[in-house]
Enquirer: 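Take this structure, written in structure tokens, and hold onto it; I'll ask about it next.
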Amino acid sequence: MKLQTYKDPTELSRAVADWLVSYIGEVLERQNRFTIALSGGSTPQKLFELLATPPYRETIAWDRLHIFWGDERYVPFTDERNNARMASEALLNHVPIPKSKIHHWQTDLQPEAAAAAYGQLLHHYFDKQTSTFDLVLLGMGDDGHTLSLFPGTEVVFEDQAWTSAYHLNAQDMYRLTLTAPVVNQSACVAFLVTGQGKATVLKEVLHGTYQPAVYPSQRIQPANGELIWFVDEAAAGRL
Ligand SMILES: O=C(O)[C@H](O)[C@@H](O)[C@H](O)[C@H](O)COP(=O)(O)O
């Protein structure tokens, strides 16, 4: 596990963008595609907007990327809470990725059907591979959740299915999410965590007792892949 600390979200986003250029370039030297699962929430928005500007817009081989999401709120694409909508507005509408390589969770299906369809898609992509995603970008909530694996939910301990749909009572909303197994088989997982509000939970997740029911982010432990935490000084304040 690597922990990299930056002064603020702006510096962090720049560093992650530069790292992405080199990591994507390195992977595309040895294979013809790069599969990435994006996170939702607010933290990655600055990164996405930066990637849509020079030099990143010109230096990344966007047409060889395949875009997925780690989780989705069960709301229409047009809803401002939709993760795919945020990424489209901040990045995907501004770079040349074929629509056929952008894989939204189908929130027009029933929740369970949407999760099943996404799971089939992932098995189609990864069943014959030694690992799943080349990269999974994750955020972490101030309660220690990641993806839509929230404290106290059964999905945190799912160890077979790659996707799940369930009603998140705390938000009175269905959530569609990847599970720990498919993320832990990826080649690389990168958490982006910023802000003082996450300092206490980050300390617990990284250095506290292993209790994933309380801190679901602890379930993310790639079996063979790399795990990198990109954090700013405010979030790292209790480490
Ligand atoms: O759909 C979501 O909300 C995300 O996938 C979720 O796991 C997010 O990464 C964390 O909630 C952190 O969100 P912030 O970046 O907004 O703090």
Side-chain angles (χ1 to χ4, degrees), residues 6 8-10 12-13 16 36-51 67-92 103-107 111 114-115 118 133 135-153 155-156 158 162-180 182-184 186 189-202 204-206 212 214-220 227-237:
Y6 300 91
D8 57 30
T10 302
L12 180 142
S13 298
V16 174
I36 179 170
L38 304 179
S39 81
S42 58
T43 301
Q45 194 160 350
K46 216 186 272 316
L47 168 65
F48 295 165
E49 288 165 354
L50 185 60
L51 291 171
I67 309 290
F68 302 81
W69 276 267
D71 70 330
E72 190 53 275
R73 293 84 177 271
Y74 185 67
V75 292
F77 178 78
T78 50
D79 187 303
E80 64 181 12
R81 297 166 295 176
N82 185 282
N83 289 333
R85 172 181 161 167
M86 183 276 277
S88 301
E89 289 178 349
L91 173 58
L92 302 178
H103 303 290
H104 298 173
W105 292 79
Q106 293 171 268
T107 56
Y118 218 70
F133 298 99
L135 176 60
V136 178
L137 285 182
L138 294 178
M140 183 181 72
D142 58 12
D143 60 355
H145 84 263
T146 189
L147 301 164
S148 286
L149 310 181
F150 283 83
T153 60
V155 68
V156 171
E158 173 58 54
W162 283 4
T163 60
S164 180
Y166 74 102
H167 186 264
L168 179 62
N169 298 333
Q171 294 183 4
D172 191 21
M173 167 193 284
Y174 270 91
R175 286 285 191 127
L176 307 171
T177 187
L178 301 186
T179 60
V182 67
V183 173
N184 285 338
S186 62
V189 179
F191 275 93
L192 276 58
V193 182
T194 62
Q196 191 181 358
K198 302 191 179 170
T200 301
V201 72
L202 185 62
E204 289 303 323
V205 166
L206 293 181
V214 181
Y215 302 115
S217 294
Q218 291 181 325
R219 277 283 274 139
I220 305 304
L227 176 58
I228 309 173
W229 289 80
F230 291 97
V231 303
D232 70 358
E233 287 173 0

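Ligands are counted one by one from 1 in listed order, and the atoms in each one are counted from 1 as well.
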Enquirer: Can you name the nearest heavy-atom pair linking Met86 to Gly41, along with the distance?
Expert: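 Closest heavy-atom pair between Met86 and Gly41: CE-O, 3.1 Å.
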
Enquirer: For ligand 1, which atoms have a heavy atom of Leu147 less than 4.0 angstrom away?
Expert: 5 (O), 6 (C), 7 (O)

Enquirer: Do me a favour and list the nearest non-hydrogen protein atom to atom 5 (O) of ligand 1 with residue, atom name and distance?
Expert: Asp71 OD1, 2.6 Å

Enquirer: Which ligand 1 atoms are under 4.0 Å away from a heavy-atom of Gly139?
Expert: 9 (O)

Enquirer: Which residue and atom name correspond to the protein heavy atom nearest atom 3 (O) of ligand 1, and how close is it?
Expert: Arg73 NH2, 2.8 Å

Enquirer: May I ask which of Pro9, Ala37, Ser42 has a heavy atom nearer to atom 14 (P) of ligand 1 than the others do?
Expert: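 It is Ser42 that holds the nearest heavy atom.
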
Enquirer: Just say parallel, tilted or perpendicular for the rings of Phe68 and Phe133, cut-offs at 30° and 60°.
Expert: perpendicular

Enquirer: Might you confirm whether atom CD of Gln171 has over 12 heavy atoms from other residues, nucleotides or ligands at distances under 6.0 Å?
Expert: yes

Enquirer: What is the ring orientation for His104 with Trp69, classed by angle as parallel under 30°, tilted 30 to 60°, or perpendicular over 60°?
Expert: perpendicular

Enquirer: Starting from atom 10 (C) of ligand 1, find the nearest protein heavy-atom neighbour and note its residue, name and distance.
Expert: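 Nearest neighbour among protein heavy atoms for atom 10 (C) of ligand 1, to 0.1 Å: His145 NE2, 3.4 Å.
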
Enquirer: Return the minimal non-hydrogen interatomic distance between Leu149 and Pro216, and the atom names on each side.
Expert: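 Closest heavy-atom pair between Leu149 and Pro216: O-CB, 3.1 Å.
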
Enquirer: Hey, could you give me the CD/CD distance between Gln45 and Glu89, rounded to the nearest 0.5 Å?
Expert: 8.5 Å

Enquirer: For the residue pair Tyr174 and Tyr74, does the interplanar ring angle fall in the parallel (under 30°), tilted (30 to 60°) or perpendicular (over 60°) class?
Expert: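 Tyr174 vs Tyr74 ring planes: perpendicular.
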
Enquirer: Just heavy atoms, cut-off under 4.0 Å: does Met140 contact ligand 1 by side chain, backbone, both, or neither?
Expert: backbone

Enquirer: Among protein heavy atoms, which sits nearest to atom 17 (O) of ligand 1, and what does the distance come to when rounded to 0.1 Å?
Expert: Lys198 NZ, 2.5 Å

Enquirer: To which protein heavy atom is atom 15 (O) of ligand 1 closest, and what is the distance rounded to 0.1 Å?
Expert: Thr43 OG1, 2.6 Å

Enquirer: How close do Ala165 and Pro111 get, heavy atom to heavy atom, and via which atoms?
Expert: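 Here Ala165 and Pro111 meet closest at CB-O, 3.3 Å.
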
Enquirer: Looking at every heavy atom in both Thr107 and Arg73, which two are closest together, and how far apart are they?
Expert: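 Heavy atoms only, the tightest pair is CG2-O, 3.7 Å.
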
Enquirer: Look at ligand 1 and say whether Glu72 reaches it with a heavy atom at a distance under 4.0 Å.
Expert: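 The answer is no: ligand 1 sits nowhere under 4.0 Å from a heavy atom of Glu72.
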
Enquirer: Record the part of Thr146 in heavy-atom contact with ligand 1 below 4.0 Å; permitted values are side chain, backbone, both and neither.
Expert: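 Backbone only.
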
Enquirer: Which atoms from ligand 1 have a heavy atom of Arg175 less than 4.0 Å away?
Expert: 1 (O), 2 (C), 3 (O)

Enquirer: Have a look at Gly41, Gly70, Pro216 and point out the one with the heavy atom closest to atom 13 (O) of ligand 1.
Expert: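 It is Gly41 that holds the nearest heavy atom.
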
